[in-house]
Amino acid sequence: YQPFTVLLSSFFWSKSIQKTFKNKIVLKPIRANGWKWIVLTTVPELLKERKKYYGLEELYIVQQFKDFSAWYPWICTGNHDIMLMFAGKNIIEITLRTPKKWDFRSNIWSGGTQKNLKKNQIPKDLSSLSKKIYKDLDLDGIDIFSMDFAYCKKDKQRYLLEINSSPGTRYYQEHK
């Protein structure tokens, strides 16, 4: 469901994994941090910065960068993704997240904006994809979580960016 993704330790350890990545890659911390330390880089650049991550390799993932700027042209332009927040099996909130100009990180902590959507504003296949992921990953029994999705026009495919067990809410934006 995701763009090609590995632990940073696997990335550093395996030359064959390094060769699998093409062009740009994204380095993300595993634990929530509001996307503050997400880095867009390349394989050679990350290998050059390796010393910076000694002892932290299990705390980061490396993910193939995808261009998600072609989704929802009737709602917004530029990069954007959609967060579906769940209470059990039920979608309780749908949030369109748009990064600030010239950025790819969409969380409000990194300067992005968010807008609540109604269920009829999202493509039907997104709802069915989230149900399939819910079933395939056996998420039954998890109370509150979110799934973040984006669409890559080049690949003609929707991708799951992450499942978050402690998703952000509208509180910060509405009350800042």
Side-chain angles (χ1 to χ4, degrees), residues 1-71 78-86 95 97-100 102-112 114 126 129-169 172:
Y1 302 113
Q2 290 184 298
F4 182 66
T5 305
V6 297
L7 276 173
L8 181 58
S9 56
S10 299
F11 172 85
F12 284 147
W13 179 76
S14 172
K15 290 199 184 296
S16 65
I17 286 176
Q18 294 167 15
K19 290 178 184 175
T20 303
F21 286 100
K22 308 287 186 255
N23 302 318
K24 296 177 185 175
I25 57 176
V26 180
L27 177 67
K28 299 179 183 179
I30 290 174
R31 297 284 172 238
N33 66 19
W35 284 51
K36 290 179 187 175
W37 298 285
I38 292 181
V39 177
L40 181 61
T41 188
T42 64
V43 169
E45 288 171 357
L46 186 52
L47 290 171
K48 194 175 179 182
E49 295 284 315
R50 184 178 188 151
K51 287 182 185 177
K52 196 171 167 179
Y53 299 100
Y54 280 160
L56 304 173
E57 296 94 337
E58 298 296 317
L59 301 177
Y60 287 86
I61 60 171
V62 178
Q63 191 170 72
Q64 184 66 49
F65 176 78
K66 298 287 182 180
D67 179 0
F68 297 127
S69 62
W71 202 23
N79 266 339
H80 41 284
D81 62 55
I82 289 200
M83 178 179 72
L84 302 179
M85 192 178 300
F86 290 80
T95 307
R97 302 179 317 167
T98 307
K100 66 182 176 184
W102 310 114
D103 203 341
F104 70 100
R105 301 169 302 161
S106 60
N107 294 45
I108 55 175
W109 313 108
S110 60
Q114 59 184 33
L126 181 58
L129 177 60
S130 69
K131 288 176 185 172
K132 180 173 176 25
I133 291 169
Y134 186 95
K135 181 181 175 194
D136 289 350
L137 298 181
D138 194 21
L139 297 174
D140 207 17
I142 300 176
D143 294 331
I144 301 289
F145 65 96
S146 66
M147 294 184 196
D148 300 347
F149 294 93
Y151 182 76
C152 179
K153 186 175 182 178
K154 179 182 173 190
D155 297 348
K156 297 180 182 167
Q157 181 178 339
R158 294 188 196 286
Y159 287 98
L160 173 68
L161 300 177
E162 68 182 21
I163 295 177
N164 193 335
S165 60
S166 55
T169 64
Y172 175 80

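For Lys131, the side chain to side chain contact (heavy atoms under 4.5 Å, CB included) partners at least two apart in sequence or on another chain are Ser127. Tyr60 meets the ring-ring contact (aromatic ring centres under 6.0 Å, His included) test with Tyr53; sequence neighbours excluded. The ring-ring contact (aromatic ring centres under 6.0 Å, His included) search around Tyr1 returns none, not counting sequence neighbours. Annotation: side chain to side chain contact (heavy atoms under 4.5 Å, CB included) contacts of Leu137 (sequence neighbours excluded): Ile133, Leu139, Ile163. Applying the side chain to side chain donor-acceptor pair (under 3.5 Å) criterion to Glu58, with sequence neighbours excluded, gives Ser9. In this structure Lys48 satisfies the side chain to side chain donor-acceptor pair (under 3.5 Å) test with no other residue, sequence neighbours excluded.
When all heavy atoms are compared, the tightest approach of Val6 to Ser10 is CB-CB, 4.3 Å. Annotation for Pro3 and Tyr159: closest pair N-CD2, 3.4 Å, computed over non-hydrogen atoms. Of all the heavy atoms in Tyr54 and Glu57, the pair that sits closest is CA-OE2, 3.6 Å. In terms of heavy-atom proximity, Lys28 sits nearest to Gln63 at NZ-OE1, 2.8 Å. Nearest approach of Gln64 to Lys24, heavy atoms of both residues: NE2-O, 3.0 Å.
Atom OG1 of Thr42 sits about 12.0 Å away from atom CZ of Phe21, to the nearest 0.5 Å. One finds the CD atom of Glu49 at 7.5 Å from the OG1 atom of Thr41 (value rounded to the nearest 0.5 Å). Distance CG/Leu129 to CG/Leu160: 7.5 Å, rounded to 0.5 Å. Taken from CZ in Phe86 to CD1 in Ile144, the straight-line distance is 11.0 Å, to the nearest 0.5 Å. Put simply, CD on Glu162 and CE on Met83 are 9.5 Å apart, with the number rounded to the nearest 0.5 Å.
Under the 4.5 Å side-chain criterion, counting only non-hydrogen atoms from C-beta, Leu7 is in contact with Ile30. Between Met85 and Thr95 there is no side-chain heavy-atom pair separated by less than 4.5 Å. Residues Val43 and Val62 have side chains not in contact (no heavy-atom distance under 4.5 Å, counting atoms from C-beta outward). A heavy-atom distance below 4.5 Å is found between the side chains of Tyr134 and Asp140. For the pair Leu47 and Phe11, the minimum side-chain heavy-atom distance is below 4.5 Å. Residues Leu84 and Leu126 are in side-chain contact: their nearest non-hydrogen atoms beyond the backbone lie under 4.5 Å apart.
A donor-acceptor distance shorter than 3.5 angstrom exists from the side chain of Lys22 to the backbone of Lys19, with no hydrogens or angles considered.
Between Phe65 and the choices Ile25, Leu40, Asn23, the side chain to side chain contact (heavy atoms under 4.5 Å, CB included) rule is met once, by Leu40.
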